[in-house]
Each structure stands twice: as structure tokens, then as C-alpha cells.
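Here is the structure we will look at.
Below, read A as the first sequence line, B as the second, and so on, with proteins coming before strands; counting in each chain starts at 1.
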Amino acid sequence: MYDLKFIRSHEALVREAIARKRESADLDRILELDRRRRERLGEVEAMKSERNRRSQEIGRAKAAGREVDGEAAAVRALGDRIQALDEELRGIDAAVEDLLQWVPNIPDESVPIGDESANQVVRAWGEPRREEGLRDHLELGAALGILDISASARMSGSGFSVHLGAGARLQRALIDFMLDFHCARGFREVRVPYLTRAEALFGCGQLPKLHEDMYALPAEELFLIPTAEVPLTNLHRGTTLFEKDLPIRLVAYSPCFRREAGAHGKQTHGLVRLHQFDKVEMVKLVLPETGADELESLTAAAEGVLQALGLPYRVVLLATGDLSFAAAKCYDLELWAPGEGRWLEVSSCSHFTDFQARRIGLRYRAADGKLRHLHTLNGSGVALPRLTVALLEHYQTPQGTVRLPEALAPYMGGLRELAPPAGGAEG
RNA sequence: GGAGAGGUGGCCGAGUGGUCGAAGGCGGCACAUUGCUAAUGUGUUGUGGGCUCAAAAGGCCUACCGCGAGUUCGAAUCUCGCCCUCUCCGCCA
């Protein structure tokens, strides 16, 4: 969130950002309210100054034994007028606050302008399999006895999944593998709450915009997290860090909960879009001047996972219209899913500049002694269900088995291949 | 869930109606001094907002002692609500 001072002095930039991100923040109204606010503020502060001065005089007069009733009554009247003005001011502040929440982050200069069609594939890795007759993950999962979507549907409805046997272990193995992978590269493992308050979500920019996508527990005033980004980014909420403590690189596993309101359709079958899914998430808190580089290395970290698993992917630089509300720049990582015959987004690596830091109250004391907001970044490293889709579909063999990447062997108890259950027994 | 205690500046910790943005200490910074990255001395050191200034510096004003209301001429200090922490009891994976 930007403050009024910034918006006042960067009006054109903000106006452009709103348009390019296809947001609808009412900048004119904000600027008008800002003018009114400063006008009123000047008045009320002058009156407060007077009240303070006269109150002190009353104190001195009383100490000297003089009578003060008349003056006290006069100051009281002044106080009443202050109260009325303050109330008006509070109203203006609240209105401005409401409007400010809808002002999006400004896209970085390197971000292509336009809608989804302006997204740029910046690089690709690996050879996508494109033969005919490849099975999709649902067929493979059923044949191998490791995935049962209808079982989850019976108890929870659509948008959930049940993994069985080696399939369940595969999920656990992937989580462990990814956590180890990132920890070995300087990220600190964190275990986080899966329920947070609205403030934490607001800080990340999930609220107010994505309210409809959130699972809420009204009785507790808590929300199920849509991603571990929320607890990780809020880890140091409201504190002042020292420059020497930065960068802070965090990684956490968490389940993620999303209502995905209105998202049901043909491209969401199987594990492609779920209400609950597992994800390993990275978050960085960094110095502003290193933000751009940190985004590149963050993206590289997520790519590292995919490379270690030998899965073909491509990196997409999102255009302004596709960029999320709080992001200034974002790379999506997409895995090739041969059975689906399409690319699936498994990671989103974003640089939020100081947008989240302002909302969360994340500052650091710079070497020159000044307080500044730091920069936040996050990236999936990576999301499990679609990774599973790509893995099953990519490593399927003509024999109906699925080979497992060598990197997972230690996490699978040495198992190197998923095979259909023998004699119809359960896997 | 019940009973009690408490939340003050980067940290520790005083402060129960006025001159308190807040003693003292630690830490930080500057200078001085000492035969050296130690010790000592002196000074300095919060944040947000508004106005002023071409800008910066500076200056003036205002707000902030967990959060929000209230009492009062005047609130860190009194009252109410909320949040959080700690201790004891209960419950519990």
C-alpha cells in the first residue's frame, strides 16, 4: 500500500499502474480527500496547540492560587470544537484508507505492458514429451492405485484429493526433498500457523481484493491461509530489522486453502486445481537495492527443484495485466504436462518492492541510520499437485509404470519406480 | 474455561493527573583522551503526520507510553471495552 505522500507526488505513475493492472482504484477521489484532510488537519492542529497552551496556563494559575473557572470553561468549549473536527477528520481518514487499499503496486519497468497475451516466455529447460497416447495423471493415478479423487469427493466434495500408498509417500518425499533443497541453499526452515487473522492477509495484499477466495472461520475471526506466504511474510510484522540481519530467506511447507470461487471448469479436473493443496513456499526479506537480483535468484531456486527432478519447464514473465495486485514483477514457472498436453503453473516468483512491507510494518535501519521499508519477495518452491501431475505424466513408461527421479530415491526408501499393484491388490 | 499479574523508546527499566517524548542504564553515533579494534570522559541519539523551505538541512506545530473509546481545562498516569504475555487451577492431542 502506498501512502498519501507518495501518491500525491507520483500521481501520473500511480494512475498508469491502476490502468495497466486493470484495477479500479479511485485516484481522483483519493487526491480530493487528501486535500480536504490536510486542510482540516491544519485547522484542528492549530486549535490543539492553543488548547495545550491555555491548559498549561490554567495549571500555573491554579498553582498560584488564582481562580480559573472561567478560563477552564472557555477551553472546554474549544475542546468541544476540536472533538467535532477530529471526528470529521477521522471520517476522512477512514474513507481515504478504504480507497488506498485498492491502489495496486506499480509494475516494474521491465514488465511487458498488456494483458495475458503480452506475457513473455523468457527461457525454457528440458525436452517436453509430445508423443501420442500418453495417459493423464488421473488414469495413471488410478492404474497405480495411488490417487483417488472420488474418495475425496465423497467426504469433501470436488476440489480435494486422496493419495494412497506410494502416492502418499511421494507427496511426503517431495515436501522433504524441496525443504532440504532450499535449506541447503541458505533458506531457513519455518513451521507456521495455517490460520491467520485478517491483518496478516491484508498485509500480503490477499485482502481486501481476494476476499471471495478465502476460507473464513467467522466465529474465530480467522482465515485459512491460501499460501504459506502469509505467515512467512508476516513473521517479522511490525518490527524494525537491522541491515546486518538482511537478507532473511525463509522456506516453509504448508497446506493451502482456496475457495477458487467460479473457477470450476474443464481445465480444472484432477489435481490441477484444488481447494486444499500442499506447497513449499519461499519468502525473502531484503534490502531494496538487492530486490531485483533476489527475484532472479529466487526464481533460480524454484527452477533448481524442477531441474533436480528432471522435469521440462518454461519461465514466463507476466505482463502488467496478469500481474497480481501486490506484485511489481513476477515470473511464473510452468511444467509441461504431457498427458494434459499443456503447461501448468507450479510456481509464481514475485517481487513486491516495499508494497507489502508498508502494509505489514516491516522496516530496517539502514547503515546511514535512516528507517526504510524493506523489500519482500516470495516464490513457490513448488506447489505439489501440479508437480505430481507433471511428474506422473512425464515419467510414465509404455509398461504402465512411472519412473521416479533419482533425486527422490533417498526420500522414497530407495523406491525408483511406481508400478500397478500386483494381482489387483491395493498399492 | 476460572483466578491473578503485567504490556513504557533498539533493549532493560523508572514514572499514579500538569512543566513527561518520558529518569536511569545498555546499545548506537560524534568528539576528546589514552603507545595501538580495550578503557575513560563529554555530548548526542524515537517514530508518524501537517506546515515552512525551490530541494535538502533546519525550523514550527501536532500525535504517539499494547489497541480503541471515555472522564478532565489538562492523561503514560483515572474509567470502560478489546488484544497480547506471564503465573496458578481446570481441560486436553
*Is the distance from OP1 or OP2 of G10(B) to the nearest side-chain N or O of T240(A) less than 4.0 Å?*
no
*Once you round it to whole Å, what is the distance between C1' of G49(B) and CD1 of I92(A)?*
14 Å
*Are E57(A) and R54(A) ion-paired here, with the side-chain N under 4.0 Å from a carboxylate O?*
no
_Can you tell me whether the side chain of E45(A) and the base of G49(B) have a donor-acceptor pair closer than 3.5 Å?_
yes
_So E50(A), base contact, sugar-phosphate only, or nothing? Heavy-atom distance under 4.0 Å._
nothing
*Using atom CD of Q83(A) as one end and atom C1' of U71(B) as the other, report the distance to the nearest whole Å.*
11 Å
_Strictly below 4.0 Å, N to O, side chains only: are R35(A) and E39(A) in salt-bridge contact?_
no
*Is any side-chain N of the basic residue among R29(A) and E32(A) closer than 4.0 Å to the acidic one's carboxylate O?*
yes
*How would you label the contact of L371(A) with the nucleic acid (heavy atoms, under 4.0 Å): base, sugar-phosphate, or nothing?*
sugar-phosphate
*Out of G46(B), G48(B), U62(B), which has the shortest distance to the side chain of R363(A)?*
G48(B)
*Among the candidates U62(B), G49(B), C73(B), find the nucleotide nearest to the side-chain atoms of N52(A).*
U62(B)
*For C67(B), take OP1 and OP2 only and decide whether either is under 4.0 Å from a side-chain N or O of R197(A).*
no
